[in-house]
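Encoded as structure tokens, the structure appears first; notes follow it.
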Amino acid sequence: MGVKQLQTLLSELDALLATCTRCGRCQSVCPVFSTTRMEGDVTRGKIALLEGLAHQMLTDAGGVKARLDTCLLCGTCEASCPSGVKVMDIFLKARTILTAYEGFSPLKRAVFRGSLSRPRLFSALLGIGVRLQSPFLKTASTFHGTSCSAVARPFLGGRHLVPLADRFLSSRFSNLNKKGKRGAPRVAVFPGCVVDKVYPKIGTDLLKILTHYQTGIILPGHPACCGIPALAAGDRKTFDQLVRYNLERFPADTFDVLVTPCATCTATLKNLWVSLADGFSADAQKQIRALSEKVMDISQFLVDYLNVGAPQNTAVNPLKVTWHDPCHLKKSLGVAVQPRKLIQAIPTLSLVEMAVPDTCCGSGGSFTLQQYDISKQIGLQKADQIVSTGAAVVSTGCPACMMQITDMLSQKGAKIAVKHVVELYADSL
Ligand code: SF4
Ligand code: SF4
């Protein structure tokens with residue numbers, strides 16, 4: 001792609017870019033800006049840079065892309081923008097255009113085109129990773145189950161990692177198709193990569209809850225990514241492949257609801273698939289819309305759809321629990337009340353709110369891999385809030401947030417357990 005084509009493609013975003021009134025409200029909410037204090041790191045600055053590049057006032061496409069990549073894609077700016085600027089739409093489309101202009105690095109090509117886009121190969125490679133990871137990892141915290149790695153320090157920084165699970169969820173349960181009790185919904189389960197490969201207990205707990213309430217359960221084999229890591233990296237081709245693969249695995253007429261325990265997967269399936277559907281055939285667009293209408297976060301499903309009540313097991317230890325709102329759950333989907341209701345339904349748990357439960361944890365998916373210094377500064381502020389509550393457990397609804405919060409608490413030496421709300425509810429059934 002030449003400069004002219006780059007300018008033409010970016011100019012197609014003009015109508016979206018023009019909705020920004022430069023009011024600067026996004027400055028006051030952006031976690032990255034609050035850390036770097038650079039105008040180019042906040043939405044208003046990024047939009048100005050994109051306009052400059054589209055209209056030949058700037059020529060440094062690499063520099064603009066670097067600023068665009070310095071973003072958690074948390075959606076906080078979009079949720080609080082008084083002009084309704086479609087920030088995620090702009091950023092994701094611009095990343096695709098700029099990545100096409102700059103080209104893929106060999107590493108990105110290998111990760112996305114060579115692996116993530118081929119779900120069976122991706123699972124097999126990570127399965128090999130499970131066997132190879134032990135010699136490279138040293139226990140960081142037995143309480144948190146984290147490890148660090150001197151060998152991988154150049155790539156991983158000083159992270160306290162939650163390692164890959166010994167056994168993936170998909171190797172324990174494959175092609176489940178269970179009938180529920182008469183009149184119960186048929187529930188399709190989309191576990192997401194992190195639950196499948198790092199936190200399979202969340203998946204088994206989710207299945208335990210569905211079994212308890214006797215719903216139908218559909219869990220197809222050979223899971224695939226929802227596509228967001230590829231999209232965030234500007235790889236629209238891999239994103240499209242993963243959407244098509246998942247549409248085949250989850251025909252919308254075979255289930256009543258599709259639940260996920262991952263806030264980011266939920267927001268991607270429900271919002272991004274639809275907003276980016278125009279690149280697909282008419283038939284695929286119809287399938288995308290039909291599927292996305294049935295997508296629900298698991299806590300939303302349990303509270304709003306099943307109206308679940310208080311669990312009966314009062315043998316669970318009394319615990320003080322605080323809740324972290326994942327950005328993609330609260331800001332992208334408006335789900336904040338339901339997980340709190342689930343926690344409050346458990347008689348032995350008491351919910352204590354942290355100062356600002358919906359501040360970003362700093363993970364941002366691949367952002368934490370590329371910009372760990374900023375990610376860690378944001379994450380440590382979140383950890384301070386959690387510690388201040390005096391809670392024994394911090395619960396959330398996104399496995400990526402769990403990894404980030406665990407890393408931060410582990411590095412601080414804070415013995416506060418990190419649990420998905422599904423785990424808390426399942427433990428008390
Ligand atoms: S809050 Fe919205 S309108 Fe205001 S500067 Fe940021 S993106 Fe533009
Ligand atoms: S998506 Fe989040 S990190 Fe990115 S500009 Fe908006 S508020 Fe800042």
Side-chain angles (χ1 to χ4, degrees), residues 1 6 61-62 65-66 68-73 91-137 147-157 159 161-165 168-171 191-198 221-246 248-249 262 264-265 268 272 276 279 363-373 375 399-400 403-404 407:
M1 182 193 292
L6 170 71
K65 183 167 182 304
L68 209 61
D69 286 347
T70 307
C71 171
L72 291 150
L73 297 176
F91 287 178
L92 291 169
K93 284 177 176 162
R95 282 187 185 197
T96 300
I97 295 167
L98 285 164
T99 301
Y101 175 71
E102 291 232 296
F104 277 107
S105 67
L107 179 64
K108 264 192 180 176
R109 189 172 290 279
V111 170
F112 293 109
R113 302 265 164 101
S115 170
L116 193 71
S117 64
R118 303 172 188 185
R120 290 181 194 218
L121 176 65
F122 180 62
S123 283
L125 289 173
L126 288 183
I128 294 169
V130 172
R131 293 200 289 280
L132 296 181
Q133 66 183 347
S134 301
F136 298 101
L137 297 177
S147 303
C148 49
S149 170
V151 181
R153 201 177 172 92
F155 311 105
L156 298 174
R159 271 187 189 78
L161 283 171
V162 183
L164 289 165
F168 299 163
L169 181 73
S170 50
S171 71
C193 299
V194 185
V195 165
D196 182 40
K197 293 167 175 61
V198 180
H222 304 297
C225 171
C226 65
I228 186 63
L231 197 59
D235 184 0
R236 180 67 200 255
K237 186 177 169 194
T238 296
F239 172 78
D240 287 0
Q241 280 177 327
L242 290 167
V243 172
R244 285 195 200 93
Y245 179 90
N246 280 311
E248 275 178 29
R249 291 175 68 237
C262 171
T264 302
C265 293
T268 303
L272 292 180
L276 296 167
S363 167
S366 53
F367 178 87
T368 187
L369 294 174
Q370 290 159 356
Q371 316 250 14
Y372 188 56
D373 286 349
S375 170
M403 289 183 86
Q404 169 82 347
D407 178 13

Minimum heavy-atom distance [X]-[Y], with the two atoms named:
X      : Y      : value
Pro191 : Cys262 : O-CB, 4.3 Å
Leu121 : Gly114 : CD2-O, 3.2 Å
Ser170 : Asp196 : N-OD1, 2.7 Å
Ala400 : Ser363 : O-OG, 3.8 Å
Leu137 : Ser149 : CD2-CB, 3.9 Å
Leu116 : Pro229 : CD2-CB, 4.3 Å

Using modelled atom types only, decide if a donor and an acceptor are shared between the side chain of Gln133 and the backbone of Pro163 within a distance under 3.5 Å.
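The answer is no, because no donor-acceptor pair under 3.5 Å joins these two groups.
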Taking the side chain as everything from C-beta on, heavy atoms only, tell me whether [X] gets closer than 4.5 Å to [Y].
X      : Y      : answer
Tyr245 : Pro119 : yes
Gln371 : Leu72  : no
Ser375 : Gln370 : no
Phe168 : Leu126 : yes
Thr368 : Met403 : no
Leu92  : Leu73  : yes
Tyr372 : Asp407 : yes
Gln404 : Phe367 : no

Which residues pass the side-chain hydrogen bond (donor to acceptor under 3.5 Å, both in side chains) test with Arg249, sequence neighbours left out?
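With sequence neighbours excluded, Arg249 shows a side-chain hydrogen bond (donor to acceptor under 3.5 Å, both in side chains) to Asn246, given in chain and number order.
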Partners meeting side-chain hydrogen bond (donor to acceptor under 3.5 Å, both in side chains) with Arg244 (sequence neighbours left out):
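Partners of Arg244 under the side-chain hydrogen bond (donor to acceptor under 3.5 Å, both in side chains) test: none.
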